[in-house]
There are 2 protein chains.
Amino acid sequence: MSTPEPGPGAREALLDAAEVLFARQGFGPTTIKEIGSAADLNPALLYYYFGNKEELYRAVLVRIVGELVRRGQARVDAAVSPEDAIRGVVETQMAFLIAHPTAPKLFVREMLDHEARRGEQVILQLAAGLFRRLCETIEEGQRSGVFRADVEPRFAAVSIISQMVYFNLARPAVGLFYGLGPDGITDDITRDFGKHAGEFALRALRAEAGSGNER
Amino acid sequence: MSTPEPGPGAREALLDAAEVLFARQGFGPTTIKEIGSAADLNPALLYYYFGNKEELYRAVLVRIVGELVRRGQARVDAAVSPEDAIRGVVETQMAFLIAHPTAPKLFVREMLDHEARRGEQVILQLAAGLFRRLCETIEEGQRSGVFRADVEPRFAAVSIISQMVYFNLARPAVGLFYGLGPDGITDDITRDFGKHAGEFALRALRAEAGSGNER
DNA sequence: GTCTATAGGTGGATAGAC
DNA sequence: GTCTATCCACCTATAGAC
């Protein structure tokens with residue numbers, strides 16, 4: 001009585017298939033036919049739903065990066081202190097990157113391809129929002145004296161973000177460095193790294209005990 | 001009397017042109033004809049010197065990443081203390097990455113494309129050498145008591161490397177985050193970030209003053 | 001909404017002259 | 001060593017049947 005596979009399902013299936021392939025291979029080397037067969041759909045449907053390959057790419061990117069940034073910002077906004085904010089974003093973002101391994105790859109590919117201006121600045125504008133929020137948090141911690149004042153907040157924000165993104169994109173390489181093979185880094189190890197990254201950043205940021213904090 | 005442009009010159013010119021294009025666009029989207037016209041040479045020469053596109057890619061990668069790793073290792077070996085080693089590698093590597101902006105891009109692209117196994121493990125094996133050296137340095141600092149013992153050395157090594165690579169590959173994005181435009185991050189700012197990254201890592205690693213160091 | 005067929009263009013690679 | 005000409009495979013995109 002109902003149609004077996006209505007339109008909306010096809011749209012999502014194409015997005016899902018394209019997300020995986022763009023992340024693994026990049027935009028250029030991924031073909032329309034590959035996307036179609038990965039989604040188990042006719043490749044021509046891509047043109048019906050998205051117009052062309054680039055529009056599909058953009059749709060994939062705003063869906064995944066938008067969600068990543070949204071969750072990070074929500075966690076910062078919910079934080080009760082600068083320390084909590086930093087620990088919280090790192091934990092939240094790591095959890096998201098583990099659940100969506102395509103996200104860091106797509107994000108970094110987009111930065112690398114930026115000169116080719118494919119996704120244009122949509123994604124970077126999204127990311128800029130989270131970046132600024134993180135900077136403000138660090139500045140707040142500096143004003144209240146919990147963080148040392150001689151750190152450039154924007155540099156510190158890069159230091160924090162870089163660890164999360166890089167570890168996830170370097171997972172196969174790190175596995176080889178460990179001598180465990182390309183699949184040697186489990187999700188558990190990755191979560192542990194997340195805890196490490198949070199503490200690493202906080203220790204680097206915290207003001208020395210007794211440097212003017214005595215009342 | 002001497003030939004105007006002997007063979008060796010052509011080989012280098014192809015490597016140079018390919019390095020820039022592979023870094024900017026990636027392996028797949030870069031065409032043989034583009035490389036030829038960028039090098040101001042006949043594209044067919046590529047097959048004479050390198051056999052095919054993939055071999056050229058491999059040659060580009062081992063040349064640049066090999067040099068990057070070699071310099072980093074030399075600096076670690078020349079260090080007089082674990083602290084000096086870390087500050088030194090970061091400074092040396094940042095200087096190299098600034099002088100060779102293609103290096104971080106090629107290296108990260110290779111990690112992303114690793115599943116496609118194009119450069120195979122040549123580059124990762126090179127990088128693994130530097131990674132291990134860095135781990136050993138951190139362990140040495142822990143044994144001597146200057147670094148805290150509750151840090152996983154391999155995690156810390158990733159934290160250090162990630163900052164350097166990521167900042168350089170995210171330069172255009174960071175420029176936008178700063179509100180300076182894609183070319184807003186100068187080499188001077190990048191060098192400043194290098195100093196920040198070194199101090200950031202050392203503060204995170206150092207054992208608390210007075211936690212057993214009193215004689 | 002879905003699919004077939006195909007147009008139109010470009011890419012990697014080679015043969016062979018010079 | 002260098003260059004021209006060219007083959008064949010494959011890719012994006014569209015026209016149009018169902």
Side-chain angles (χ1 to χ4, degrees), chain A residues 1-61 106 109-110 113 116-120, chain B residues 1-61 106 109-110 113 116-120:
Chain A
M1 298 179 191
S2 63
T3 48
E5 269 291 346
R11 203 191 131 90
E12 292 293 310
L14 285 169
L15 279 170
D16 293 342
E19 182 180 310
V20 172
L21 290 167
F22 285 148
R24 188 186 304 154
Q25 309 176 330
F27 178 82
T30 299
T31 70
I32 262 76
K33 290 171 191 175
E34 270 178 320
I35 297 172
S37 73
D40 222 351
L41 289 170
N42 191 301
L45 279 175
L46 188 156
Y47 296 94
Y48 178 77
Y49 283 109
F50 298 95
N52 60 36
K53 193 181 163 187
E54 284 208 14
E55 289 296 325
L56 170 61
Y57 175 78
R58 254 186 281 263
V60 165
L61 230 55
L106 287 165
R109 281 195 191 278
E110 177 55 26
D113 294 343
R117 204 141 317 148
R118 193 165 296 114
E120 273 160 45
Chain B
M1 297 169 194
S2 62
T3 48
E5 268 292 348
R11 203 191 131 91
E12 290 295 309
L14 284 169
L15 279 171
D16 292 342
E19 181 181 310
V20 172
L21 289 167
F22 285 149
R24 188 188 305 156
Q25 307 175 333
F27 178 83
T30 298
T31 71
I32 261 79
K33 290 166 193 177
E34 268 178 322
I35 297 171
S37 74
D40 222 350
L41 289 170
N42 191 302
L45 279 176
L46 189 156
Y47 295 94
Y48 178 77
Y49 284 109
F50 299 96
N52 60 35
K53 193 181 164 188
E54 286 209 12
E55 289 298 325
L56 170 60
Y57 175 78
R58 254 186 282 263
V60 165
L61 231 54
L106 287 166
R109 281 195 191 277
E110 176 55 26
D113 294 343
R117 208 145 310 152
R118 190 164 300 112
E120 276 161 41

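We name chains A, B, ... by the order of the sequence lines, and we start the count at 1 in each one.
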Starting at OH of B:Tyr47 and ending at C1' of D:dT6, how long is that distance when rounded to a whole Å? 13 Å
For A:Gly28, does its backbone N or O pair with a side-chain atom of A:Lys53 as donor and acceptor, under 3.5 Å? yes
Write down the distance between CG (B:Leu45) and C1' (C:dG16), rounded to a whole number of angstrom. 15 Å
Rounded to whole Å, please give me the gap between CZ in A:Phe50 and C1' in D:dT14. 18 Å
Mapping A:Ala44 and A:Thr31 onto DNA chain D by nearest heavy atom, which one lands closer to the 5' end? A:Thr31
Atom CG of A:Asn42 and atom P of D:dT12: how far apart are they, to the nearest Å? 14 Å
How long is the line joining CG of B:Leu41 and P of D:dG1, in whole Å? 13 Å
If only side-chain N and O atoms of A:Tyr49 are considered, is one of them under 4.0 Å from the OP1 or OP2 phosphate oxygen of C:dT2? yes
Send over the distance from A:Leu14 CG to C:dT2 C1', rounded to a whole Å. 12 Å
Separation of A:Glu34 atom CD from D:dC10 atom P, in whole Å? 12 Å
Protein-nucleotide distance (A:Ile32, atom CD1; D:dT14, atom C1'), rounded to Å: 13 Å
Output yes when at least one side-chain N/O atom of A:Asn52 is less than 4.0 Å from OP1 or OP2 of D:dT12, else no. no
Step by step, would you call A:Ile32 with A:Tyr47 a side chain to side chain contact (heavy atoms under 4.5 Å, CB included)? CA-CA 10 Å; A:Ile32 262 76; A:Tyr47 296 94; 3.6 Å; yes
Applying a 4.0 Å non-hydrogen cut-off, can you work out what A:Lys33 is touching in the nucleic acid: base, sugar-phosphate, or nothing? base
Nearest-0.5 Å distance, CG of residue B:Leu46 to CD1 of residue B:Ile35: 5.5 Å
Verify, without hydrogens or angle tests, whether A:Arg109 (side chain) and A:Arg24 (backbone) share a donor-acceptor contact under 3.5 angstrom. yes
Side chain of A:Ala10 (C-beta onward), nearest among D:dT2, D:dT4, C:dT2: C:dT2
